[in-house]
Amino acid sequence: MDIKQYVTDKLKNILISLGVEEPSVILERPKDPTHGDISCNAAMMYGKKLGRNPKEFAETIISSLGSDDKYIKSANIAGPGFINLLISDEYYRESLAEILTNKESFGSSATNAGKTANLEWVSANPTGPLHTGHGRQTALGKAIANLLEWTGYKVTREYYYNNAGKQMDNLARSVYARYRQIFESEYPLPEDCYAGEYIGEIAAVLEKEHGDALIDSDDKVFREAGENWCFGAIKQTLERLGIAHDVFYNESSLYESGKIKETLEEFKKRGLSYEKDGAVWLKTSELLKNKKDAADKVIVKATGEPTYRLPDMAYHIDKVQRGYDLIIDIFGADHGDTYKEVLAGMEGLGYDTSKIKVIIHQMVTFVQDGKPVKMSKRSDNVYYLDDLIDDVGADVAQFFFVMRSVNTHLDFDIALAKEESDKNPVFYLQYAHARISSILRNAKDVFPEYGENTVPDINLLKTPEELSLMKVLTVFPETVASAAVTYEPHKVITYLNEVAENYHRFYHNNRVIDAEAKELSYSRLKLCEAVKAVLKNGFDIIGITAPERM
RNA sequence: GCCCUCGUAGCUCAGAUGGAUAGAGCGUCGGUUUCCUAAACCGCAGGCCACAGGUUCGACUCCUGUCGAGGGUACCA
């Protein structure tokens, strides 16, 4: 049952009966437990409008509430006119029963049932393996996709890549040079080429399969070999992180389908583009909402090749046309400006961009021994995502990347992440899960008959730790809902911390398995099961495993 | 110059829709194990929420300005 909804409805009716037109009731969970379980500011909001003293108005509201409500234990006025409500233990006990019957699905909702969402992320071009710079986006997308599914969306996980541009030419030239070097060690590497060791590996594969027969071949062979190898590597890394995209959408197909040409012609037709210096320019200075920073941008170079903007627009138009209810893109802050141009261009063509939500995350600094780790692609001084996973494990990597709000710069402390100790915040959560699992295993020895069908007497749960733990558990669904609305998985982590904290405290003060007190043991075991279920569901959302032992 | 994000404890960061005495982890110091996992628990210390104005019953939160950090401002993506 949704207690907030229950209280909202109740208060709304009272306000209407007191003469408030179309009241909006805003409830909050007070930080300070002495302020009750749920708090409402309606008396302050509406008292003034009705010309009544807020405290006195609050009094009236409370008296209309009556004193025999099943779920509201008490109500009182505090401060300038807050109405603080205490929820009855009855509610918490019912909720516990609800968690136990819906274990795997507890926390999910049908808010967006029947709706479809497309989430596009990672989208690294196949010019090399994923590096740690891709890590944050990779982990975020995984968690956000999960969050969306938990609120009912059917999610398409999509990867867009560019296999047509300059970077792929560069890859082809780099592979060729390395290949050639196998036979002529003094063969020079071209300027700006990729320096990673993997280029040598690709060249070695070609040498093994074809000997020196490819020396006079054109770029195509090397480009394809490079693309295939890189994609293999990327997919393997994603698999280690438990990520599998449903759709791999490549830029070339936009040329083949004519969508790029179409988009370009539409701009011309509408007078939104013009030619200058041999290039085609988009009138972004007119299209962008913020006129201050607007200059026109090139969409087709003098060479005849489009810049990334044009295919990006064609691609997003295609996504809009596919009819999703929600379209999400995830980018790093280094791409922060371009999406505005893309959206402005689409709007210029009359497309509705209101369903597109762009998530920009700030950059990550990897810190080792208190110093930032420097990366440079040219010198092959690159920290690959695979190496990070080797160093800290997939769970820890996933957790650290998702741990912070996307709006803040992230410091990734490698030493801390590597540490398998109490300092590491991931283990604090996982340990709670492992601890419960252990207790449940032990319970079988003491109470062989205990199991799925055991009906506990929940009324026996009344220590402060037990009640506080039950209260925290009931908040899980609204936490998931709120995290999903803002696409912020880190909120789930903040919440899980609270669960783990409450559990550990409960554990220290309440003996779970006690052969002398069978009924109480049953109840506590059931409480443990509920906590385990909530932790497991939370871990599923943020994308880490729930260990049975540690 | 202009645009985006940020500035909260020694460090790393939470603080949804404005609310009551601003929180957590790490670090420091000190306690807890004959008992279900001590990767745990309990306690002490630590703050002009960058700064200055404004909006109102009320501002860490919203608005304006200043300072500082990161990112962008390509015929790269």
Side-chain angles (χ1 to χ4, degrees), chain A residues 24 26-28 30-32 34-35 39 41 44-45 47-48 54 78-82 84 123-125 127 161-162 165-167 170 277-281 288 290 292-295 297-309 311-312 331-338 340 360-363 365 367 370 403-413 416 419-428 430-432 434-443 445-446 482-483 485-486 488 490-491 493-494 497-498 500-501 503-505 507-509 511-514 521 524-525 528 549-550:
Chain A
S24 82
I26 297 169
L27 301 179
E28 66 176 80
K31 294 168 202 159
D32 184 340
T34 63
H35 294 147
S39 159
N41 61 2
M44 291 182 290
M45 277 176 66
K48 206 181 163 194
F82 289 102
N84 293 338
S123 294
N125 289 338
T127 57
Y161 65 101
N162 178 332
K166 204 170 168 181
Q167 296 187 34
N170 205 349
D277 303 332
V280 181
W281 297 69
L288 282 166
N290 190 340
K292 273 187 186 169
D293 70 326
K297 297 287 164 73
V298 170
I299 50 174
V300 181
K301 300 182 224 172
T303 58
E305 293 173 295
T307 63
Y308 61 89
R309 293 182 188 92
D312 266 16
F331 296 123
D334 52 343
H335 289 229
D337 266 0
T338 72
K340 290 183 198 155
I360 303 285
H361 71 260
Q362 297 303 307
M363 309 307 277
T365 305
V367 180
M403 181 164 63
R404 304 298 182 207
S405 156
V406 295
N407 290 329
T408 68
H409 182 95
L410 177 65
D411 268 4
F412 195 118
D413 186 334
L416 176 64
E419 197 156 341
E420 296 200 0
S421 78
D422 54 347
K423 289 181 193 167
N424 196 322
V426 191
F427 295 124
Y428 183 72
Q430 292 187 321
Y431 183 66
R435 190 175 236 181
I436 295 170
S437 306
S438 166
I439 291 172
L440 293 173
R441 281 193 298 271
N442 293 338
D445 298 336
V446 185
S482 133
V485 167
T486 52
E488 294 183 304
H490 78 275
K491 286 182 178 170
I493 291 184
T494 308
N497 250 311
E498 221 173 300
E501 194 183 311
Y503 183 76
H504 288 309
R505 194 178 302 132
Y507 172 86
H508 275 270
N509 295 301
R511 174 93 201 166
V512 177
I513 300 172
D514 181 354
S521 295
R524 288 183 173 164
L525 282 166
C528 287
R549 296 169 202 274
M550 280 174 79

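In this text the structure is predicted, and so the values were computed from the model without any measurement.
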Options B:A40, B:A20, B:C36, nucleotide nearest the side-chain atoms of A:Ile439: B:C36

Minimum-distance nucleotide to A:Arg511 side chain [options: B:U12, B:C35, B:A14]: B:C35

Touch class at under 4.0 angstrom, heavy-atom based, for A:His490 against every strand present: sugar-phosphate

Touch class at under 4.0 angstrom, heavy-atom based, for A:Ser438 against every strand present: base

ring centroid sep under 5.5 Å plus plane angle under 30, A:Tyr431 with B:A40: no

Sugar-phosphate only, base, or nothing, as touched by A:Glu305 at under 4.0 Å among non-hydrogen atoms: nothing

Any side-chain donor near an acceptor of the partner, A:Arg435 and A:His504, under 3.5 Å: yes

Sugar-phosphate, base or nothing in reach of A:Asn84, heavy atoms under 4.0 Å: base

Sugar-phosphate only, base, or nothing, as touched by A:Thr486 at under 4.0 Å among non-hydrogen atoms: nothing

Spacing between A:Ile513 atom CD1 and B:U37 atom P, to the nearest angstrom: 8 Å

Sugar-phosphate, base or nothing in reach of A:Ser123, heavy atoms under 4.0 Å: nothing

Touch class at under 4.0 angstrom, heavy-atom based, for A:Leu27 against every strand present: base

Candidates B:C76, B:A20, B:G15 - which lies nearest the side chain of A:Lys301: B:C76

Spacing of A:Phe331 atom CZ relative to B:C4 atom C1', expressed in whole Å: 15 Å

Distance-only side-chain donor-acceptor flag, A:Thr486 / A:Lys491, under 3.5 Å: yes

N/O donor-acceptor pair, side chain A:Asp337 with base B:A74, under 3.5 angstrom: no

Sugar-phosphate, base or nothing in reach of A:His35, heavy atoms under 4.0 Å: base

Flag, side chain of A:Asn125 to backbone of A:Asn162, donor-acceptor distance under 3.5 Å: yes

Any donor-acceptor N/O pair under 3.5 Å between B:G19 base and A:Asn41 side chain: yes

All stems with RNA chain B, defined as three or more consecutive Watson-Crick or G-U pairs under 3.5 Å: B:1-7 with B:67-73, B:10-13 with B:23-26, B:29-32 with B:40-43, B:50-54 with B:62-66

N/O contacts under 3.5 Å, protein versus nucleotides 24-29 of chain B?
none

P-based separation of B:A22 from B:A50 [nearest Å]: 15 Å

Sugar-phosphate, base or nothing in reach of A:Ser39, heavy atoms under 4.0 Å: base

Carboxylate-amine/guanidinium contact A:Asp312 A:Arg309, below 4.0 Å: no

